[in-house]
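Okay, structure first, notes after.
Side chains are part of it too, since the values below use all heavy atoms of this structure and drop only hydrogens, waters and symmetry mates.
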Amino acid sequence: MDSETNTQPSPDTSLNTSIKDELQERAIELACSTSNRIVGVTGQAGTGKTTIMRRVYHAFVDAGHAVALCAPTGKAAKRISEATGIQATTIHKLLEYTHPGDPDEKTGKILGISVPRRGPQRPLDYSVVLGDEYSMVNEELNRALMDAMPSGGLVRVFGDANQLPPIEEGDFNRQGTKPLSPFEKYLKQFPSVTLKNIYRQGEGSGIVKNGHRIINGMCPSQMDDFKITITQQHKNRIIDYVMTSGIDFGSLDNQVITPTNKGWIGQVALNVTIQELLQGDKMYSAHVMPRSKWDKTNLVLVVGDKVLWTKNDYQLEIYNGETGIVTSLDNDLVTIDFGDRTLAIPPWVEYEGADGERKGYDPRTQLQLAYAITTHKSQGSEYQHVVYMMDKYAFMLQNRANFYTAVTRARKHVHVISDQRSFQSAVVR
């Protein structure tokens, strides 16, 4: 990436009507400049990042460049494909990562290694790479992508710097502070634009206004589209809301979000509670799903359950973070409607391991209930309605980034259910 690309793209002026302010124009101009090998564009949800990305993509394609659009997760790649009309892929698939091998039966940690087949000796066939949701990309994946860029290759990174940073090994440095993520570093070290004006939900949106308040360390306020319930009876409140709000939380359009997996407002416990509420008597005919030996949770499914897939499986073409609805449970097959396609998950899949040997696993072990998911798992997604749960049990996970990320997943309405201490600590820290 040390030489410049020769062909300078020109943004398509026929699309000027979709550009709403000078910052968006500046972002397009900067991203289309071939004199900058890396350019960053950040801004809250609704500031126009997707529009800019689409414009930049077509400008480079029209100038004769080979352009890849990618994201760190399958769910994020699927969302940006739907939003732009451009085929997107995961960064892992773009770099042709090998299969990671089998997990340890006791710990669940991967025994083998997963390595990119694309790198300095075999660079990508793309001269331009556009990376969406780059705030989620960790150091290792970012380094692998940069190493795989051809000479003169250009990278454009898009994301919301206010969202949760990626999970890293050794999260804190010697000074006890979190190091900057790759996205944050690029915004500081390379030409970048921070978009300010929000258009998606409208200027009067309480979700937008309260997002600003959270970022600036202030508690959000009650508004028409932003409800706050302060309580010590979290479980009773979520039960009441699921049953009486008229919102279908068994739908992929609506989501309960929690900061944690553990505890009585954690993902595992909430999923069981909501599943029993929505499925009722159907639970008597539930099918028990196989679990990995290291996984101590149980999973039973009935037709109609909302489920989450937790692995990038390029053979089945299902990616970590995708959610769907169970439509059939027959002959050991779990058939799931993922919205854009329906797939039957078999009881066994074989693949070639990193050591070249044939291996296999039961892909049904990669399923979880998805009535409630963690904030990290919600990144890259959007929903019509969001319920966000906070409790003192998850005190260490209460911070502005977590709070902001969760509530800004909603397009129409947010309901925060929290005790007073958690509500305040989530904006102070």
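Between the side chain of Lys282 and the backbone N or O of Val303 there is at least one donor-acceptor pair closer than 3.5 Å. Between the side chain of Thr194 and the main chain of Gly43, no donor-acceptor pair closer than 3.5 Å is present. The backbone N or O of Gln232 sits nowhere less than 3.5 Å from a side-chain atom of Asp419 that would complete a donor-acceptor pair. Between the side chain of Arg400 and the backbone N or O of Asn162 there is no donor-acceptor pair closer than 3.5 Å. The backbone N or O of Arg37 lies less than 3.5 Å from a partner atom in the side chain of Arg156, making a donor-acceptor pair. Ser192 contributes a side-chain N or O that, together with a main-chain N or O of Leu187, makes up a donor-acceptor pair within less than 3.5 Å. Although no hydrogens or angles enter the test, the distance criterion places no donor-acceptor pair under 3.5 Å between the side chain of Ser127 and the main chain of His65. Counting only distance, with no hydrogens or angles, the side chain of Thr405 and the backbone of Leu164 share a donor-acceptor pair below 3.5 Å.
For the atom pair CE of Met396 and CD of Gln398, the computed distance is 10.0 Å after rounding to the nearest 0.5 Å. Note: Thr34 OG1 to Leu154 CG = 6.5 Å, rounded to the nearest 0.5 Å. Rounding to the nearest 0.5 Å places CD1 of Ile230 at 14.0 Å from CZ of Arg421. Rounding to the nearest 0.5 Å places CE of Met283 at 10.5 Å from CG of Leu278.
The shortest side-chain heavy-atom distance between Trp309 and Leu316 falls under the 4.5 Å cut-off. Counting only heavy atoms from C-beta outward, the side chains of Ile336 and Leu367 approach each other to under 4.5 Å. Side-chain contact between Ile38 and Met146 is present, with heavy atoms from C-beta onward closer than 4.5 Å. Looking at Tyr319 and Lys78, their side chains never come closer than 4.5 Å, going by heavy atoms from C-beta outward. Using a 4.5 Å heavy-atom cutoff, the side chains of Cys219 and Gln424 are in contact. A 4.5 Å side-chain heavy-atom check between Val414 and Asp225 finds every atom pair outside the cut-off. Between Leu130 and Val128, the closest side-chain pair of non-hydrogen atoms falls below 4.5 Å. A 4.5 Å side-chain heavy-atom check between Val416 and Phe226 finds at least one atom pair inside the cut-off.
The side chain to side chain donor-acceptor pair (under 3.5 Å) test applied to Asn399 returns no partner, not counting sequence neighbours. Ser378 meets the side chain to side chain donor-acceptor pair (under 3.5 Å) test with no other residue; sequence neighbours excluded. By the side chain to side chain donor-acceptor pair (under 3.5 Å) test, His212 pairs with Gln44, sequence neighbours left out. Partners of Asp224 under the side chain to side chain donor-acceptor pair (under 3.5 Å) rule, at least two apart in sequence or in another chain, do not exist in this structure.
With respect to the salt-bridge test (charged N to carboxylate O, under 4.0 angstrom), the residues Asp21 and Lys196 do not qualify. Look at Arg341 and Glu322 and you find a salt bridge, because one of the NZ, NE, NH1 or NH2 atoms lies within 4.0 Å of a carboxylate O, short of that distance.
Across Pro166 and Ser181, no two heavy atoms sit closer than the pair CD-CB, 3.8 Å. Between Phe403 and Ala426, the shortest heavy-atom contact is CD1-CB, 3.6 Å. The shortest heavy-atom contact between Val67 and Tyr126 is C-CD2, 3.5 Å.
The list of side-chain hydrogen bond (donor to acceptor under 3.5 Å, both in side chains) pairs with a residue in residues 363-373, not counting sequence neighbours, reads Gln267-Gln368, Gln279-Tyr371, Asp305-Tyr371, Thr310-Gln366, Asp362-Arg364, Gln368-Lys377. Residue pairs meeting the salt bridge (charged side-chain N to carboxylate O under 4.0 Å, His left out) criterion with at least one partner in residues 179-194, sequence neighbours excluded, are Glu139-Lys185.
Between His234 and Trp264, the ring planes lie perpendicular to each other; the angle is over 60°, past the 30° to 60° tilted range. Note on ring orientation: taking the six-membered ring where Trp is involved, the planes of Tyr241 and Phe249 are tilted (angle from 30° to 60°).
Across Val137, Ile91, Val41, Ile80, a single residue satisfies side-chain contact (heavy atoms from CB on, under 4.5 Å) together with Asp132, and that is Ile80.
For the pair Lys311 and Tyr361, the cation sits on the ring face: its NZ or CZ lies under 6.0 Å from the ring centre, inside 45° of the axis.
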Requested in this report: Go through the steps to decide whether Asp337 and Thr327 satisfy the test side chain to side chain donor-acceptor pair (under 3.5 Å), and finish with yes or no.
Outcome: CA-CA 7 Å; Asp337 181 359; Thr327 60; over 6 Å; no

Query - Audit row: Gln255, Thr323, side-chain contact (heavy atoms from CB on, under 4.5 Å) steps and yes/no - result: CA-CA 11 Å; Gln255 191 61 56; Thr323 53; 5.5 Å; no

